[in-house]
Each structure stands twice: as C-alpha cells, then as structure tokens.
Amino acid sequence: MARLTRSESQAQTRTNLIATARDLFLADGFAATSLEKVAEEAGYSKGAVYSNFRNKNELCLEVLQLIHVTKGAEVAEVMSRQVPLEERLTAFESWAERTLGDVGWTTLEFEFIVLARHDPELRAALVSSLDMARGIVAALLGALTASGEVTLPMSVDDAATSVLSMGVGLGIQRAIDPTISTGIVTRNLRALLTAAGPADLPSQA
C-alpha cells in the first residue's frame, strides 16, 4: 500500500477527528465533550486537534455540517429514485420516522444555538450552516419541478424554507415525545408538491 503524503495524512486525521467528535457530541452533548476526550477517542494527541481546529466551536461546526450533508444525501437518494413520486414520499416518511427527533442530533443543534446567542461570529457561522441545509432542500425541490413532475405554489426558496421548518419543528416535538408520528410532515410535503396540480408534461413528437 502506497504511503500517504503529508497532505493526505492531515486530511485523514481531520476526517477521523470530525467523525469521532460527531459520535461523542451526539452521545454526550457538546458541553460534556472535551477536546481531550475527542483526541483520546480518535487516537491522537490534543495537539493534533488544535492543529486542525482553532477551538471546540469550530470542530462542532464541522460536525454539524457533516450531519447536514449526510442527512441531505440520504433524502436526495430517496427522492431521486426512479419510481413514482408517491413511492418516494412513502420512502421519505420512513426516513423521517427514523431520523426526525433524534435526541442527540436535536439537542446538539439547540445546545450550539444557545451558545451562539451572544457570539456574533458563531451565529453567522450557524446562519451559513442553515443556508447550506436550505440549499440542499431547494436543490431537491428544484429538480422535481424541473422534471415536470410537480409545480409549487410558491418560489423554490420559500418552499425549501417551509419544508425545512416543518422538519425542524417536528424534530423538536419528537425529541420530547417520540410517539408523535412523522406522517404530518409527509402529508404537508405532499400538499405542497401537488397544491398547484401536476405540471404539464411536454407533448411527445
């Protein structure tokens, strides 16, 4: 096996630290997880952590970005399947049932939001992270409308904000009461996607 270059080794170390921090943050929370614990669990020195991240806040931002990208990719896989839209929505509901309301994820998001309350730089970083998540949803909705499968009763950006708001709101409620069904978010999504009726498909020559 070829030996890793210095830059490849650094990238691998960074990836391993983020993955380890994600597991610890989700299991124990942000405040209860020290950089020393992250380094120890990942098998590195504390210096390796500081050579990749300025502080724990920066590391947590990377963790949240990884979670958002991972969850976004899962939804994209479901919604891009070559099956009827109704089947994709059913699969989306199954994903939501497994995902929305995860206590570790929901608590981490809110713990970090509280931390950012009096930190303008951190708050700006969270705004950027939220914009990225909204962009993932907007891309999915844009692809659906571009394919001619559906039309939206509002702009793609507004629809993306609505869908994200439904997901976040339901996630908070399910973190408190996991018996709440995710069916409501799928019904709202279905209503949003079909509110204006199916888009007219181009005629075949």
Side-chain angles (χ1 to χ4, degrees), residues 22 26 60-110 112-113 116 122-205:
R22 175 199 58 200
L26 293 179
C60 192
L61 282 169
E62 291 284 349
V63 166
L64 290 175
Q65 181 173 322
L66 174 61
I67 293 173
H68 294 162
V69 169
T70 300
K71 301 305 180 184
E74 291 172 359
V75 175
E77 189 280 322
V78 167
M79 297 305 292
S80 63
R81 293 174 185 173
Q82 299 302 303
V83 296
L85 179 60
E86 186 59 34
E87 289 186 34
R88 278 173 277 165
L89 290 175
T90 299
F92 171 79
E93 184 170 342
S94 295
W95 173 87
E97 191 69 32
R98 295 190 307 270
T99 306
L100 298 182
D102 176 271
V103 175
W105 178 18
T106 304
T107 302
L108 178 61
E109 294 270 13
F110 271 85
F112 211 56
I113 289 171
L122 190 55
R123 192 162 60 249
L126 282 176
V127 169
S128 179
S129 179
L130 179 62
D131 284 344
M132 184 192 71
R134 187 184 297 110
I136 292 172
V137 178
L140 292 172
L141 293 175
L144 283 174
T145 56
S147 70
E149 289 185 276
V150 299
T151 54
L152 295 171
M154 60 187 77
S155 70
V156 169
D157 286 342
D158 283 351
T161 298
S162 297
V163 171
L164 192 60
S165 297
M166 286 189 291
V168 171
L170 184 62
I172 294 170
Q173 294 182 70
R174 280 174 56 81
I176 299 169
D177 180 4
T179 66
I180 297 174
S181 171
T182 58
I184 188 170
V185 74
T186 310
R187 289 194 292 275
N188 276 289
L189 179 58
R190 185 180 290 107
L192 179 69
L193 294 177
T194 60
D200 293 330
L201 297 178
S203 59
Q204 300 294 320

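Values below: every heavy atom of this structure, side chains too, minus hydrogens, waters and symmetry copies.
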Would L64 and L126 satisfy side chain to side chain contact (heavy atoms under 4.5 Å, CB included), going step by step from the backbone distance to the final call?
CA-CA 9 Å; L64 290 175; L126 282 176; 4.2 Å; yes
Just do the side chain to side chain contact (heavy atoms under 4.5 Å, CB included) check on N188 and S162 with the steps written out, would you?
CA-CA 10 Å; N188 276 289; S162 297; over 6 Å; no
Mind running side chain to side chain donor-acceptor pair (under 3.5 Å) on E97 and T182 for me, showing each step along the way?
CA-CA 6 Å; E97 191 69 32; T182 58; 2.8 Å; yes
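The existence of a salt bridge linking E93 and R187 is excluded, since no basic side-chain nitrogen approaches an acidic carboxylate oxygen closer than 4.0 Å.
A heavy-atom distance below 4.5 Å is not found between the side chains of E77 and E74. Proximity of Q65 to M132: side-chain heavy atoms (C-beta onward) are separated by under 4.5 Å at one or more points. Inter-residue side-chain proximity for V137 and V75 is flagged as unmet; no heavy-atom pair is nearer than 4.5 Å. Within the 4.5 Å cutoff, the side chain of V163 has no heavy atoms near those of the L140 side chain. Using a 4.5 Å cut-off on side-chain heavy atoms (C-beta onward), V150 and T145 make contact. Contact annotation: the side chain of L193 never approaches that of E149 to less than 4.5 Å [non-hydrogen atoms, C-beta and beyond]. Within the 4.5 Å cutoff, the side chain of I184 has no heavy atoms near those of the M166 side chain. Within the 4.5 Å cutoff, the side chain of L130 has heavy atoms near those of the L164 side chain.
The main-chain N or O of V83 is found under 3.5 Å from a side-chain atom of R88 such that the two form a donor-acceptor pair. Under the 3.5 Å distance criterion, the side-chain polar atoms of T90 are matched with a main-chain donor or acceptor of E86. Distance alone, capped at 3.5 Å, is enough to place a donor-acceptor pair between the R123 side chain and the A116 backbone.
Here the straight-line distance linking atom CG of L144 with atom OG of S80 works out to 9.5 Å at 0.5 Å rounding. Between atom CG of residue L108 and atom CD1 of residue I67 there is a gap of 5.5 Å, rounded to the nearest 0.5 Å. To the nearest 0.5 Å, atoms CD (Q173) and OG (S181) are separated by 11.5 Å.
Pairing each heavy atom of G167 with each of L100, the nearest pair is O-CD2, 3.9 Å. When all heavy atoms of L152 and L192 are compared, the pair lying nearest together is CD2-O, 4.0 Å. Scanning all heavy atoms of the two residues, the minimum distance from G72 to I136 falls at CA-CG2, 3.8 Å. Summarising the geometry of M79 relative to L85, their closest heavy-atom pair is CE-CD1, 4.2 Å, with the distance given to 0.1 Å. Contact detail for V78 and A91: the closest heavy-atom pair is CG1-CB, 3.6 Å. Taking all atoms of both residues into account, the shortest heavy-atom contact from L61 to L122 is CD1-CD1, 4.0 Å.
The list of side chain to side chain donor-acceptor pair (under 3.5 Å) pairs with a residue in residues 133-142, not counting sequence neighbours, reads D131-R134, R134-T161. The list of ring-ring contact (aromatic ring centres under 6.0 Å, His included) pairs with a residue in residues 167-191, not counting sequence neighbours, is empty. Among residue pairs with one or both ends in residues 71-101, those qualifying as ring-ring contact (aromatic ring centres under 6.0 Å, His included) are F92-W95; sequence neighbours excluded.
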